[in-house]
Amino acid sequence: MAASANNASFDLSPKTLIGVGVGLVAVGGAGFLLYRHLTRDVMPQKWKRVGTVERIHFFPVKSCAPMQISKSDQAFDCDVLSLSFEGVRDRTLMVVNDNNEMITARVYPHMTQIHSKKIGDTKILFSAAELPDLELDFENLESPGKDVHTSVWGVPIDVMVCGDRFNKWFSQAILKKESGLKLVHYPYPMPVRTTNPRLKSMPYLRQEDSGTFNDATSYMLMNLASVADLNTRLKNPVDPLQFRGNFELKMDKDLPYAEDNWKWVRIGENAVFRSVAPCTRCIFPNIDVNTAQRDSDGEPLKTLRSYRLFNYSSPALGIHLGLRMPGKVKTNDVVYVEDN
């Protein structure tokens, strides 16, 4: 990992960094900029516990339901690309139309009712109402071997088509037609997309934080205390899953929106993340995860806009994370943040 490589190449102890910083500042502003660059991703030496992982969500297909995991204590792998579970990765599948444009539940809310479960080492099973189940084997995809040029929120990427039978099934499930859509997969071992343009001003964001087919970054954390506070303001409380975070955090103390100020997050003993951006919200959370119905009053987005807008064009809830040290995570793992 990049953070580990930096630590191996430089002595980045606090005393050394202070000395380097003083020397560099003495020769001018360029020195200060270099000092700031060297220190911006130095992991904390002290951590404090803030809570535990209540739930982990894992979405094989962008905009569809999370994968059903039978064991609550199952460990997930966190690497620079994405969250993974026994060889299946988060958001490495996506649906595009005949023009190779990404489609999501923002336009087709019932995509949230397409479910998946793991049935073998590299196999998953899709299910949707009124359709026979569909099996996909990541080691035996029926790709024609030709790239498809698409994009995720304006950022171009070449992907591979999974095959005709998947195209037909997803067209039936989403459009109620025999054709019109394609299921594509992410074929790269590393993040290749450039940074989402709307996040380029975020100082701690790296290109490799872009993940697979994620909107912004490869990991996102939701503080359940923040969702609970939001729910006190709503006529109809929302399910935290409507915000589609990978990690749902149960705080030891009831501290809504504490995550706004965190710089670092550690889950368990090894997985370390940098908080790289607030998660600004579109209309997706207005879709009920149980019914796929869009809220007629525009909630919870309407209420979020009344008090969580800040200087962004959309209200913020949750934080985007960039992985800085790989590791395994599981439900009930302790969550730590930097101890200043």
Side-chain angles (χ1 to χ4, degrees), residues 1-4 41 43-44 47 50-63 66-67 69 74-85 88-94 152-153 155 186 188-193 195-196 198-199 202-224 226-227 240-250 258-260 262-281 284 316-331 333-338:
M1 297 301 300
S4 298
D41 265 355
M43 294 180 193
W47 299 90
V50 293
T52 57
V53 176
E54 180 79 0
R55 280 180 294 273
I56 298 174
H57 295 302
F58 177 81
F59 306 90
V61 185
K62 185 177 181 67
S63 266
M67 176 176 276
I69 305 296
Q74 176 63 51
F76 293 80
D77 289 299
C78 297
D79 62 27
V80 69
L81 186 56
S82 65
L83 191 70
S84 65
F85 170 67
V88 180
R89 288 191 172 276
D90 183 53
R91 294 177 173 95
T92 50
L93 297 167
M94 182 173 72
V152 177
W153 299 117
V155 180
Y186 186 94
Y188 310 100
M190 296 292 287
V192 298
R193 284 188 297 140
T195 299
N196 187 314
R198 66 183 175 81
L199 295 178
M202 298 296 168
Y204 303 111
L205 188 67
R206 298 176 177 179
Q207 178 275 324
E208 58 264 33
D209 295 333
S210 60
T212 50
F213 292 137
N214 311 74
D215 282 357
T217 67
S218 45
Y219 298 91
M220 199 260 284
L221 179 143
M222 292 300 303
N223 176 2
L224 293 177
S226 301
V227 180
L241 180 57
Q242 290 175 216
F243 298 99
R244 299 180 72 81
N246 295 113
F247 309 121
E248 291 184 357
L249 165 64
K250 181 180 179 181
E259 67 276 16
D260 292 347
W262 295 339
K263 298 179 178 65
W264 291 90
V265 176
R266 192 181 98 209
I267 300 178
E269 294 304 312
N270 299 314
V272 178
F273 304 85
R274 191 68 155 99
S275 178
V276 295
C279 187
T280 53
R281 295 298 173 175
F284 204 133
L317 192 68
I319 51 176
H320 287 300
L321 303 174
L323 189 76
R324 296 296 178 263
M325 183 175 289
K328 292 183 179 293
V329 300
K330 62 183 184 299
T331 303
D333 270 354
V334 176
V335 177
Y336 306 86
V337 300
E338 71 278 2

Check Arg324 with Asp209, please: is the shortest side-chain N to carboxylate O separation under 4.0 Å? yes
To check you understand the geometry: which heavy-atom pair defines the closest contact between Ser63 and Phe284, and what is its length? OG-CE1, 3.5 Å
Parallel under 30°, tilted from 30 to 60°, perpendicular over 60°: which one fits the rings of Phe58 and Phe76? tilted
Rounded to the nearest 0.5 Å, what separates atom CG in Asn223 from atom CD in Glu259? 4.0 Å
Gap separating the CZ atom of Arg91 from the CG atom of Leu83, nearest 0.5 angstrom: 9.5 Å
I need the His320 NE2 to Leu221 CG distance, nearest 0.5 Å. 11.5 Å
When rounded to the nearest 0.5 angstrom, what is the spacing between CD1 in Ile56 and CD1 in Ile267? 7.0 Å
Scan Trp264, Tyr336, Phe247, Trp262 and name whichever one has a ring-ring contact (aromatic ring centres under 6.0 Å, His included) with Phe273. Phe247
Give the minimum heavy-atom separation between Met222 and Gly318, together with the two atoms involved. SD-CA, 3.7 Å
Arg89 meets the side-chain hydrogen bond (donor to acceptor under 3.5 Å, both in side chains) criterion, sequence neighbours left out, with Asp79, Ser82
For Ala277 and Met202 the tightest heavy-atom approach is CB-CG, 3.9 Å
Between Arg55 and Leu241 (side chain of the first, backbone of the second, donor and acceptor by atom type, cut-off under 3.5 Å), is there such a pair? no
Quick check for you: to the nearest 0.5 Å, what is the distance between Glu208 atom CD and Thr195 atom OG1? 8.5 Å
Minimum heavy-atom separation for Glu338 to Pro44, with atom names? CB-CG, 3.6 Å
Could you tell me whether a side-chain N or O of Arg274 sits under 3.5 Å from a main-chain N or O of Lys263, the two making a donor and an acceptor? yes
What are the two closest heavy atoms between Pro191 and Leu81, and how far apart are they? N-CD1, 3.6 Å
Determine the sole option in Asn196, Val152, Asp90 for which the side chain to side chain contact (heavy atoms under 4.5 Å, CB included) test with Asn214 is passed. Asp90
Go through the steps for Val335 and Val53 under the test side chain to side chain contact (heavy atoms under 4.5 Å, CB included), then give the verdict. CA-CA 7 Å; Val335 177; Val53 176; 3.7 Å; yes
Looking only at heavy atoms, which two atoms of Val329 and Ala271 are closest? And how far apart? CG1-CB, 3.8 Å
Going from CG on Leu317 to CE on Met220, what distance comes out if it is rounded to the nearest 0.5 angstrom? 8.5 Å
Could I get the full list of ring-ring contact (aromatic ring centres under 6.0 Å, His included) partners for Phe213, not counting sequence neighbours? Tyr186
